[in-house]
Amino acid sequence: MLKGSLRKLLNALLLMIAVLVLNFTLIHIAPGDPVEALVGEMGGATPELIAELRSRFGLDQPLYVQLGTYLGRIAQGDFGHSLYYDQPVTALIAERIGPTILLVTTALFSAIALGTVLGVFSAQRRRSVLSHLVTVISLAGFSAPVFWVGIMLILLLSVSVPLLPISGMSSADSAASGLFYILDVLHHLVLPALTLALIYLAFYSRLSRASMLEVLGSDYIRTARAKGLPKRMVIYKHALRNAILPVVTFAGLQFGQVISGAVLVETVFAWPGLGTLAFESILRRDTPTLLGILFFSAVMVVVMNLVTDVVYRRVDPRIKAR
Amino acid sequence: MLERLARRLTSAAPIALAAAIGLAPIAQADPKDGGTLTTFTSGYRTLNPAVQSGAATGAPGSQIFAGLVTVGKDYVVQPYLADAWQVSDDQLTVTFDLVGGAKFHDGQPITGEDVKFSLETVRANHPFGSAMFGNVESIEVPAPDKVVLHLAKPVPGLLYSLQPLLMPILPKHVYGDGQDMKTHPRNMENVVGSGPFKVEENNPAERLVLVKNQDFFLKGKPHLDKIVYPMVKDPLTRVLMLEKGEIDYAPFAGIRPNDASRLEKAKGAHVTTDGYEAIGYVHYLELNLRNEPFSKREVREALAHAIDTGFLAKVIFGGRTVPGTGPLHTGNPFYSADVPTYEPDMDKAAAMLDAAGYPVGADGSRFSFVLDVPSWAPAAHVPMAEYIQAQLAKLKINVELRKAPDFGTWVKRVSSWDYEATMNGSFNYPDPTIGVHRHFDCDNIKNVIWSNTQGYCNPEVDTLLGAAAVETDMAKRKALYADIQRKVQEDLVFIYMPQDYSATVYSDGVANLPDSPFGALSPFYDVYLDK
């Protein structure tokens, strides 16, 4: 058991180092120069200033020297300074991660809960109107670009029926604090979370419906029914516990990819999260920030995989027994 | 007081147009105090305009920091921190008198030493620092309320460079600690300014909030209690916020012509193109003049005849702008329409290419080239590039469009001269010496973006530029710039596209907005809400 855990940890560590080296190399061999981007944003600069900036950021060194310096710093917990914001990358990530986690968890958990219910329900009544409706909504959710859904929801719920604010995480001119601040944030959260949830909802309702249909057709369900068990027990105790396994797997994986999921939604709704920071860092060639976010993202994936393993064991006793 | 000021000002020898000094605008009827003006930001890396050019920093920066002067309607320079100034007869000494009792946001007095420190800081750190103040030989502070600039040569555009956008008055006691100004922590944290508004909240991820400076040195101003800049990156979201009234004032919003039509119909919204004249945003097709075929003027002229900029102005910009005719924006005081024009004529273009040694070859084409398309301003650059590609295909010229994935990639290609042709655009800025000379000066052929990257050098133009840079007689200076515009259009250094469409949207009740050609980059101490 202990040996297995140690092996997993070692694997995770090696994976992290590989991610660091790969990200660093890929970003540095891609075209574009962070100093040129910075200078362009400043409105131009003299060749002397460009040389000074390049030297200050260590970009005048050979790539392998830069990589060595970078790995050495990471080992000491130093992820460097943002070239654009001139702030420690860890501080920037810490500032932005809260809003992203709030947005993604709200959207993901709502979508999992509602998607599973809809999927289970439509699997039971395969040819009902509701089942077809769930299929249509899911397909629409899959196909519609997330930014388009966001804009449509703004038009509907902010412009036509002015119920919700269009952008930001809190009201700019309010001096709200405590409970009022929380309510203000929740008010701002509804639209972006709803937009993101609609995409996830499509996915989870399809997934749970397919999984449920497969389980409902299996022998042990037929046996349970033949035994005369109540329908509720057959569905929720016997079928759902098995049907939910793929949902757990995908939820774990998706949670690890919080940033990629949130980029467009955060941009449309001006949500001050990590997604927009990642997007801006790519455009600005803010390499240290981008590397920091990518590393953080990789850590999230690895951690969520481990968490999914644990949850899986709880949900599926067969794995625990193995 | 006004009489004394007027006497002092009018007795001073003028510094060309900049010294066509007027008095402060007559106060509007009963401005109302109070209220919050909500505008927006699309992101900024610093709040200190001394180290950063552009609107993202300039718009809030001009509220946080004061300047020696400000620029009003029709480019008239107006008193600000300096309530009077005198220029010596030889135009080489300018003496500024500062208003009494002015204080920074932390309560420390603003003195001539701060002005000196600010000018030196800008000269060393601003992208245009040396262009603006390279001829300032020394700065003398004979008294706390007096500053004297000694110039090596007359600088006709000097006063324009002394507005807060370009030379913010910085507190020496905060910034003079020897730290690098470009990365000074106080550029973003606990910012101590000198202007009408103080920083209350600075969270670049979410918003910037400025509040009224109660101790502002212009008594009774500003009128607004707050200016809020929520961070909104997506232009479509901005349009929706404007429609809903969540934003009161949106300059530099990247409003497209079709959005403008939509917003003009929205209740309580107004759209104006005023306030962009001084920035003077011009688009052009830049050709690398070092190599054939673009080193041949006839080829460039053929391209100019093939590209119908009137069509582009009509289709891409919805007829809301005009074709560019040269390096200067039509709103620039030195603009001249007396330049050679190249009417759309495909037959003429084809004949010129034949004569230049580029007939249609056996492979069915004359020549091929790569046209770089920058990642910035895609709404303008991409359709213009696609139109050029289609037009030149009719002349049997193969154009491959290379869209830059990001800003840095495009900058790298152009500034290292590693390109054949690129869509480009730049700002005139307050004086041609800053925004225009850089593209044509022979000694500015550098590996720096928005310098003379195309590699143009005409000694005759160089001489004219040198003369215009120091000419203090407005009429003579205008004539020199007219010659320059005519000459560079004869040489077809660039092929000018339509001027940019820049619009500001504001809602009913936002009153007394700056009527300066610098628009949103001017101080807002006179703005009030009449709601």
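Order of the sequence lines fixes the chain letters, A, B, ..., with proteins taken first and strands second; residue numbering starts at 1 for each chain. Predicted model, so just to flag it, every value in this text is computed and none were measured.
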Requested in this report: Please state whether the side chain, the backbone, both or neither of B/Asp180 comes within less than 4.5 Å of a heavy atom of chain A.
Outcome: side chain
**Report entry** Which portion of B/Thr183 sits near chain A, non-hydrogen atoms under 4.5 angstrom
**Finding:** both
Query raised in the report: Using a cut-off of under 4.5 Å for heavy-atom pairs, which of A/Ser158, A/Gly168, A/Gly273 has the most such pairs with chain B?
Result: A/Ser158
Query raised in the report: Just wondering, more than 12 heavy atoms not from B/Tyr249 lying within 6.0 Å of its OH?
Result: yes
Query - Heavy atoms of other groups near B/Arg186 CZ, more than 12 under 6.0 Å - result: yes
Query raised in the report: B/Glu206 side chain to A/Ser170 main-chain N or O, any donor-acceptor pair under 3.5 Å?
Result: yes
Can you name the nearest heavy-atom pair linking [X] to [Y], along with the distance?
X        : Y        : result
B/Arg45  : A/Leu83  : NH2-O, 4.2 Å
B/Pro204 : A/Tyr85  : CB-CE2, 4.3 Å
B/Ala205 : A/Pro272 : O-CB, 3.3 Å
A/Ser167 : B/Thr237 : CB-CG2, 4.1 Å

Query raised in the report: Are any of the side-chain heavy atoms of B/Asp234 and A/Ile151 separated by less than 4.5 Å?
Result: yes
Query raised in the report: Do B/Met188 and A/Gln87 have side chains that get closer than 4.5 Å, going by heavy atoms?
Result: no
Requested in this report: Give, as side chain, backbone, both or neither, the part of A/Ile154 having an atom under 4.5 angstrom from any heavy atom of chain B.
Outcome: side chain
Report summary line: Residues at least two apart in sequence or cross-chain that pass side chain to side chain donor-acceptor pair (under 3.5 Å) with B/Asn202, listed by chain then number, are B/Tyr44
Query raised in the report: Which residues pass the salt bridge (Lys or Arg N to Asp or Glu O under 4.0 Å) test with B/Lys244, sequence neighbours left out?
Result: B/Glu246
